[in-house]
Amino acid sequence: MSSEARRLDDPAAIKRGDPYDARHVLADFPRQCRTAAGLRPVPAPPAARPPVVVAAGMGGSAAGGDVVAACGAERLPVPIVVHRGYGLPPVASGRAMVVASSYSGGTAEVLSAVDVAVERRLAIVAITSGGALRERAARHGIPTVLLPAGLMPRMALGYLLFPAIAALRAAGLEVAGESEVAEALDVVETLATALVPERPAADNEAKRLALAIGDRLPAVYGGPTTGAIAYRWKTDVEENAKAFALSGVLPEMNHNTIEAWRAPGAGQMHLVLLREQDEPPAIARRFTVTRELIGDAAGGVSECWARGRGRLARLLSLAYMGQWTSYYLALLRGVDPWTVPLLDELKRRVGVEGASDGVLD
Ligand code: F6R
């Protein structure tokens, strides 16, 4: 067993490397999801079905919208647009529904989106643990899902995801049925026991993935639906392990990024492919050929397979695997997986209520 693997199995080393107990938040994720699945906006939003949904959020608080959009894309006749930025795009008009998510409630971009939505008299649902978003929502009578505070937004994915699913269902848009939600909850519960630090590296897929990636730069590619989760892996590696990562989606990356794998730096990258059973044959074939063509150039290749049958369980299981993998990467690289000092400093300097002058509104 390598010394790195021993480090990931050593409770004292883990405790030293994770002074804010991020591991407990991650281990508690199944319970977070179960609690979140019972949360509803108060007051209840209007039941009218919107012609378009705009999910406004940044960073970790946009991830719930990404998963909802990926689930909805396959079955809804209504588009779910994830909006990351100030204001709102013009498509957010008329009977559009805006789901404004900010875990802290202090994110300037989301607050400006809410201001525009109020101005345009749109149907809004706010998802937050407090801050200015909670105040705005109370002032305007906006249906709000109030979340427990105290987490890092990126580790509150369950809270940001399941209430959005419920809010959309109440508006006649079912991105995941009750049984799919139940399956997703079971799947993350099973996965938690397999990925916690107590489970040794020899038998822990997230530790094995982190050890395989090692010092290399992870390039995470998903298929048409898991691509959103590949992006989530990238941001989790960036925020938890404080390391660069790339993400992309098949088939699109076959039409451009694949050429970059001839660059001399390819050997310093680790290819991670997010796969699922029953991929459309065309996508499965593309994964195979992509691996054939660039696998040897990469410093290493790993495949991570989604759990479950339903779309929600699959996406959530891959996202959860990415959370743990980036957590173990942080420990291997000797960085605190919880704090995000640069991100905090930037917010401090820009100011929470950063003016939206001159930007999209
Ligand atoms: C920090 C994190 C960030 C935040 C983002 C927006 O853990 O995940 O990506 O999510 O800075 O802040 P919130 O989520 O509070 O609106």
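Note that this is a predicted model, so its numbers are computed, not measured. In listed order, ligands and their atoms are each counted from 1.
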Q: State whether the shortest distance between N or O atoms of Ser61 and N or O atoms of ligand 1 falls below 3.5 angstrom.
A: yes
(Q) Using a 4.0 Å heavy-atom cut-off, which part of Thr235 comes near ligand 1: side chain, backbone, both, or neither? (A) neither
Q) What is the nearest protein non-hydrogen atom to atom 16 (O) of ligand 1, stated with its residue, atom name and distance? A) Thr107 OG1, 2.5 Å
Q.
Quick check against the 3.5 Å criterion: does Arg199 have a side-chain atom that pairs as donor or acceptor with the backbone of Glu205?
A. no
Q.
So for ligand 1, is Gly59 a polar contact partner (N or O within less than 3.5 Å, distance only)?
A. no
Q) Heavy atoms, side chains only, cut-off 4.5 Å: are Leu318 and Cys304 in contact? A) yes
Q.
Tell me the protein heavy atom at minimum distance from atom 3 (C) of ligand 1, and give that distance in Å.
A. Glu239 OE1, 3.4 Å
Q. Under 4.0 Å from any heavy atom of Ser102, which atoms of ligand 1 are there?
A. 13 (P), 15 (O), 16 (O)
Q) Considering only the protein, which heavy-atom contact is closest to atom 10 (O) of ligand 1, and what is its distance? A) Gly60 N, 2.9 Å
Q) Roughly how far apart are Ile213 CD1 and Leu332 CG, rounded to 0.5 Å? A) 9.5 Å
Q: Report yes or no: does a heavy atom of Val110 sit under 4.0 Å from some atom of ligand 1?
A: no
Q.
Show, in sequence, the C-alpha distance, side-chain angles and deciding distance for Arg23 and Asp21, and conclude whether the salt bridge (Lys or Arg N to Asp or Glu O under 4.0 Å) test is met.
A. CA-CA 5 Å; Arg23 61 195 178 283; Asp21 274 354; 3.2 Å; yes
Q) With a cut-off of 4.0 Å, which atoms of ligand 1 are near a heavy atom of Pro153? A) 1 (C), 2 (C), 4 (C), 7 (O), 8 (O), 10 (O), 14 (O), 15 (O)
Q) At a 4.0 Å threshold, what atoms of ligand 1 neighbour a non-hydrogen atom of Tyr103? A) 13 (P), 14 (O), 15 (O), 16 (O)
Q.
Can you report which non-hydrogen protein atom sits closest to atom 15 (O) of ligand 1, along with the distance?
A. Ser104 OG, 2.6 Å
(Q) Less than 4.5 Å apart, side chain to side chain, heavy atoms only: is that true for Ile142 and Val118? (A) yes
Q: Kindly say whether Asn254 contributes a backbone atom to a donor-acceptor pair with the side chain of Arg286 at under 3.5 angstrom?
A: no
Q: Note the single closest protein heavy atom to atom 11 (O) of ligand 1, along with its residue, its atom name and the distance in Å.
A: Lys347 NZ, 2.7 Å
Q. Do Leu151 and Tyr103 have side-chain heavy atoms sitting under 4.5 Å apart?
A. yes
(Q) Considering non-hydrogen atoms of the protein only, which is the closest contact for atom 7 (O) of ligand 1, and what is the distance? (A) Arg154 NH1, 2.6 Å
Q) Are Glu276 and Arg311 ion-paired here, with the side-chain N under 4.0 Å from a carboxylate O? A) yes
Q. When the ring planes of Trp338 and Tyr20 are compared, do they come out parallel, tilted or perpendicular, using 30° and 60° as the limits?
A. parallel
Q: Pull out every atom of ligand 1 sitting under 4.0 Å from any heavy atom of Met58, numbered as shown with elements.
A: 5 (C), 6 (C), 10 (O)
Q. Applying a 4.0 Å heavy-atom criterion (strictly less than), which segment of Met155 is in contact with ligand 1: side chain, backbone, both, or neither?
A. neither
Q) Relative to the heavy atoms of Leu343, which atoms of ligand 1 are at a distance of less than 4.0 Å? A) 11 (O)
Q: Examine the side chains of Trp324 and Tyr320 and answer whether a donor and an acceptor come within less than 3.5 Å of each other.
A: yes
